[in-house]
Peer 1: 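I have a structure I would like to understand better, so I am pasting it below and will then ask my questions one at a time.
The structure presented is a predicted model; accordingly, all values stated were derived computationally and were not measured. Every number for a ligand or one of its atoms is a count from 1 in the order of the listing.
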Amino acid sequence: MPITHDERSLAVSASRHGVPRIVPRPDASPVREEVLHGLHSEPKTLPPKLFYDDIGAALFERICELPEYYLTRAELEVLRKRAGEIAELAGPRVALLEYGSGAGVKIRLLLDALESPAAYVPIDISREQLGRVARELAAEYPGVAIRPLNADYTLPLPVPPLPQGSRRVAFFPGSTIGNFHPMEAAIFLGRVRRAVGRGGALVLGVDRRKSAATLNAAYDDSAGVTAAFNLNMLARLNRDLHAHFDLSTFEHRAFFNSRASRVEMHLVSKVEQIVKVAGEPIYFDKGESIWTESSYKYDRARLEELIETAGFRMRKLWTNRRRQFWVAYLEAV
Ligand code: AVJ
């Protein structure tokens with residue numbers, strides 16, 4: 001079923017509670033053209049959204065528990081401490097839109113603190129996880145209209161129909177904004193700005209720029225979970241796109257590129273080889289990589305520049321005790 005643009009349907013369903021229906025979008029599965037375009041590029045690239053099939057989503061949850069991966073704990077610390085302040089700024093009966101809802105841990109902190117939240121729209125590319133989280137939340141928060149959207153939010157989304165007269169507050173945690181090149185980050189946040197409209201707001205999580213040693217450890221953990229997460233992208237293409245990657249011939253590489261202020265993740269071919277992907281031969285030199293992810297790290301000046309370009313004003317900026325991670329409360333200008 002396509003998503004409806006009838007505002008009333010959601011206003012009505014806000015007081016009803018049943019099992020939420022997932023709105024399927026065709027974009028959520030790997031697109032052959034997009035994959036082949038990336039593999040024919042120079043350097044070779046694959047988009048990070050391809051990490052999050054069911055296995056990848058589970059591996060990412062394990063990453064969040066790693067001693068080296070401080071991001072999730074740091075952000076949760078801020079959200080726990082500031083949920084009350086966020087709720088006060090947001091006001092009553094808000095409609096929440098979450099870009100990349102994942103395991104649904106962080107949103108509970110907001111739903112618990114907010115005064116009579118009206119609706120929650122989790123948007124995620126991982127269909128199985130989205131369905132599970134939506135069912136759990138519908139049971140836990142019977143007063144909130146849960147409207148899951150299985151979509152690739154890096155593409156323009158139709159603005160979901162939401163209860164009339166409710167303030168829209170977007171939630172984009174985890175520093176996933178770091179996956180976008182700064183120029184694309186501004187364009188993406190500009191779309192979020194239009195989705196929340198005048199009077200709307202955005203709660204944004206952003207990882208702060210810090211020492212290369214700390215960042216390198218966070219993206220190349222000693223237990224090898226991040227390596228498995230990175231390599232799963234190839235396994236996933238083998239499963240879903242008739243690719244023939246031999247995983248033992250690729251290795252995980254992650255490092256902080258200080259000039260560009262980003263952590264880069266790559267999959268490096270250990271040998272010269274040709275891999276068939278969706279019927280097409282892809283040639284790899286020995287040592288050639290596929291660039292699978294960038295995680296941009298922001299200092300205060302760059303963050304403010306990004307926010308202003310996107311049409312938001314910074315109302316509050318919080319960090320955790322160890323000053324690793326930011327949570328910003330942004331208001332639509
Ligand atoms: C989910 C995009 C925030 O960039 O830190 C974790 C993904 N990649 N380890 C990040 C990720 C490698 C993560 N984000």
Peer 1: Using heavy atoms and a 4.0 Å limit, tell me yes or no: is G178 in contact with ligand 1?
Peer 2: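 Heavy atoms of G178 never come under 4.0 Å of ligand 1.
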
Peer 1: Taking H252 for its side chain and Y219 for its backbone only, find out whether a donor-acceptor pair lies under 3.5 Å.
Peer 2: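 Yes: the side chain of H252 pairs with the backbone of Y219.
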
Peer 1: State the atoms of ligand 1, each with its element, that fall below the 4.0 Å cut-off from a heavy-atom position in Y52.
Peer 2: 1 (C), 7 (C)

Peer 1: Can you confirm whether more than 12 heavy atoms, excluding those of R93, are under 6.0 Å from its CZ atom?
Peer 2: no

Peer 1: Checking the side chain of R191 only, and the main-chain atoms of L157 only, is there a donor and an acceptor separated by less than 3.5 Å?
Peer 2: no

Peer 1: Parallel, tilted or perpendicular for F60 and Y69, by the 30°/60° rule?
Peer 2: perpendicular

Peer 1: At what distance is the nearest protein heavy atom to atom 7 (C) of ligand 1, and which residue and atom is it?
Peer 2: E293 OE2, 3.4 Å

Peer 1: Got a second to check how far L267's CG is from N230's CG, nearest 0.5 Å?
Peer 2: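 So the CG of L267 and the CG of N230 are separated by 3.5 Å.
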
Peer 1: Return the residue, atom name and 0.1 Å-rounded distance of the protein heavy atom closest to atom 3 (C) of ligand 1.
Peer 2: G174 O, 2.8 Å

Peer 1: List the closest protein heavy-atom neighbour of atom 13 (C) of ligand 1: residue, atom name, distance to the nearest 0.1 Å.
Peer 2: Y69 OH, 3.2 Å

Peer 1: With only distance considered, is K297 within less than 3.5 Å of ligand 1 through an N or O on each side?
Peer 2: no

Peer 1: Please identify which atoms of ligand 1 are closer than 4.0 Å to at least one heavy atom of F60.
Peer 2: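 This gives 1 (C), 6 (C), 7 (C), 13 (C) as the contact atoms.
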
Peer 1: Show, in sequence, the C-alpha distance, side-chain angles and deciding distance for E77 and K81, and conclude whether the salt bridge (Lys or Arg N to Asp or Glu O under 4.0 Å) test is met.
Peer 2: CA-CA 6 Å; E77 180 189 327; K81 186 157 171 208; over 6 Å; no

Peer 1: Within ligand 1, which atoms have a heavy atom of F229 less than 4.0 Å away?
Peer 2: 8 (N)

Peer 1: Checking a contact table here: which protein heavy atom is nearest atom 4 (O) of ligand 1, and how many Å away?
Peer 2: S295 OG, 2.3 Å

Peer 1: Test D207 against every option in K297, R323, R302, R262 by the salt bridge (charged side-chain N to carboxylate O under 4.0 Å, His left out) rule and name the one that passes.
Peer 2: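 So, applying the salt bridge (charged side-chain N to carboxylate O under 4.0 Å, His left out) to D207 and each of K297, R323, R302, R262, only K297 qualifies.
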
Peer 1: Side chain, backbone, both or neither: which applies to F51 and ligand 1 if a contact is any heavy-atom pair less than 4.0 Å apart?
Peer 2: neither

Peer 1: Ignoring hydrogens and angles, state whether a donor on the side chain of D285 or Y283 is under 3.5 Å from an acceptor on the partner side chain.
Peer 2: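 Yes - a donor-acceptor pair under 3.5 Å links their side chains.
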
Peer 1: Counting only heavy atoms, which portion of F180 has something under 4.0 Å from ligand 1: side chain, backbone, both, or neither?
Peer 2: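 No part of F180 is near ligand 1 at this cut-off.
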
Peer 1: What protein heavy atom sits nearest atom 2 (C) of ligand 1, and how far off is it?
Peer 2: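 Of the protein heavy atoms, N179 OD1, 3.2 Å lies nearest.
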
